[in-house]
2 protein chains.
Amino acid sequence: MQIMIDIDSNTPMFAQLIEQIKKAVQTDSIKPGDGLPSIRQLANDLNVNNKTVAKAYQLLERDNVIQTKGYRGTFVHPDAKANCSFDLNAWVFEKLSETIETLRKAGATDSEIRIAFGDVINNRTFKEKEA
Amino acid sequence: MQIMIDIDSNTPMFAQLIEQIKKAVQTDSIKPGDGLPSIRQLANDLNVNNKTVAKAYQLLERDNVIQTKGYRGTFVHPDAKANCSFDLNAWVFEKLSETIETLRKAGATDSEIRIAFGDVINNRTFKEKEA
DNA sequence: ATATGTACCCCTTAATCACACGGTACATAT
DNA sequence: ATATGTACCGTGTGATTAAGGGGTACATAT
């Protein structure tokens, strides 16, 4: 498995990592149980920050594509191939599309929608905007 | 009907205008058919920009609280009092809360949700991020 | 000692946005 | 002429964010 990172790409580096590792799983380039390079090592090889690799690994583990076993390292998840096919971000995109379409049809301004969205995601209860 | 604007308030000026006009309707301080000050005049009285007043008026008209009759001026909507009770922004807030809660429970990161939201509301089709 | 994932603290960069303002112009009708 | 709502061009300010980096530390186990 070889990973290439394009610094000048429009897609962020951690996303490139996720893409390529998923592709490696889908093409059987790496199989369940295989060990992945450690965060520090991969970061060093690619000349990126540890946190960038760690971010990619965390998201991959959340999606059950890889598994981290503490001090023992990181491994490909048993059901990696199946879990690769589900794209959480695509699903999030769809759900938000539906909701926003509803709000727009109700006459809400994009600006209003954006503000309400910001309030919700920052756990600001409605109309409670302090100084 | 008297309107007061607090420049230093945390709530934007156009929102203050909406609040006070709605309150004036709810307290029968102004009644359906009554004429409202013109945009330019109210802006001048309050020492704010025309566009700030215009924005408030447009939102009030969308919510059927007031009615603009072109060159004849702006008037209180026949069903103003009833339409005042419905707060579109509160409804938008609720709808977004439900959706975001669903997404969070599915494991989506707030950052991921924010990015997807930005893509949707800017009419960027999924994963089509050009340079 | 060494390596593992992980969790904090800090920072810079570029981008986006709400809010408000300024000006200019238009068709409408008085 | 004058006033109405409306639409378009622009400006600037302050806030928020993603992405990435730098550093330091921890418990775990070899």
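Every chain is numbered from 1, with letters handed out A, B, ... down the list of sequences.
Checking B:Gln41 against A:Asn47, the closest nucleotide of DNA chain D that is more toward the 5' end is the one next to B:Gln41.
Pair assignment for D:dG21: C:dC10, on the basis of Watson-Crick or G-U wobble contacts that are both within less than 3.5 Å. The base-pairing partner of D:dG10, taking Watson-Crick or G-U wobble contacts with both distances under 3.5 Å, is C:dC21. Base pairing of D:dT30: its partner is C:dA1, meeting the Watson-Crick or G-U wobble criterion (both donor-acceptor distances under 3.5 Å).
Taking only side-chain nitrogens and oxygens, A:Asn49 never comes nearer than 4.0 Å to OP1 or OP2 of D:dG20. Note on B:Ser38: a side-chain N or O is less than 4.0 Å away from OP1 or OP2 of D:dT4.
Note: CD (B:Gln16) to P (C:dC19) measures 12 Å, nearest angstrom. Counting to the nearest Å, the P atom of C:dT13 and the CD1 atom of A:Ile7 are 17 Å from each other. Remark: P of D:dT4 and CG of B:Leu42 are 11 Å apart, rounded to the nearest angstrom. Between A:Leu46 atom CG and D:dG21 atom P there is a gap of 10 Å when expressed in whole angstrom units. Distance B:Asn44 CG to C:dG23 C1': 16 Å, rounded to the nearest Å.
B:Ile66 is not listed as a side-chain neighbour of B:Phe75, based on a closest heavy-atom distance of 4.5 Å or more. By the 4.5 Å heavy-atom criterion applied to side chains, A:Glu112 and B:Leu59 are counted as neighbours. Looking at B:Ser9 and B:Gln16, their side chains come closer than 4.5 Å, going by heavy atoms from C-beta outward.
Ring-plane geometry between A:Phe117 and B:Phe117 is classed as parallel, the angle between the planes falling under 30 degrees on a 0 to 90 degree scale with a further cut at 60.
A distance of 11.0 Å separates CG of A:Asn83 from CG of A:Leu60, quoted to the nearest 0.5 Å. Taking CZ of A:Arg40 as the start and CG of A:Asn49 as the end, the distance is 11.5 Å to the nearest 0.5 Å.
In summary, B:Lys23 and B:Glu19 do not engage in a salt bridge, as defined by a charged side-chain N under 4.0 Å from a carboxylate O.
At distances below 3.5 Å, not a single donor-acceptor pair connects side-chain atoms of A:Ser29 with backbone N or O atoms of A:Val25.
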Give the B/S/- string for nucleotides 6-19 of chain D, one per nucleotide from 5' to 3', where a protein heavy atom under 4.0 Å of the base yields B, of only the sugar-phosphate yields S, and otherwise -. BSBBB------SSS
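Applying the 6.0 Å contact sphere to NZ of A:Lys22 captures more than 12 heavy atoms from other residues, nucleotides or ligands.
Of all the residues in residues 69-78 of chain B, B:Gly70, B:Tyr71, B:Gly73, B:Thr74 reach under 4.0 Å from DNA chain D with at least one non-hydrogen atom.
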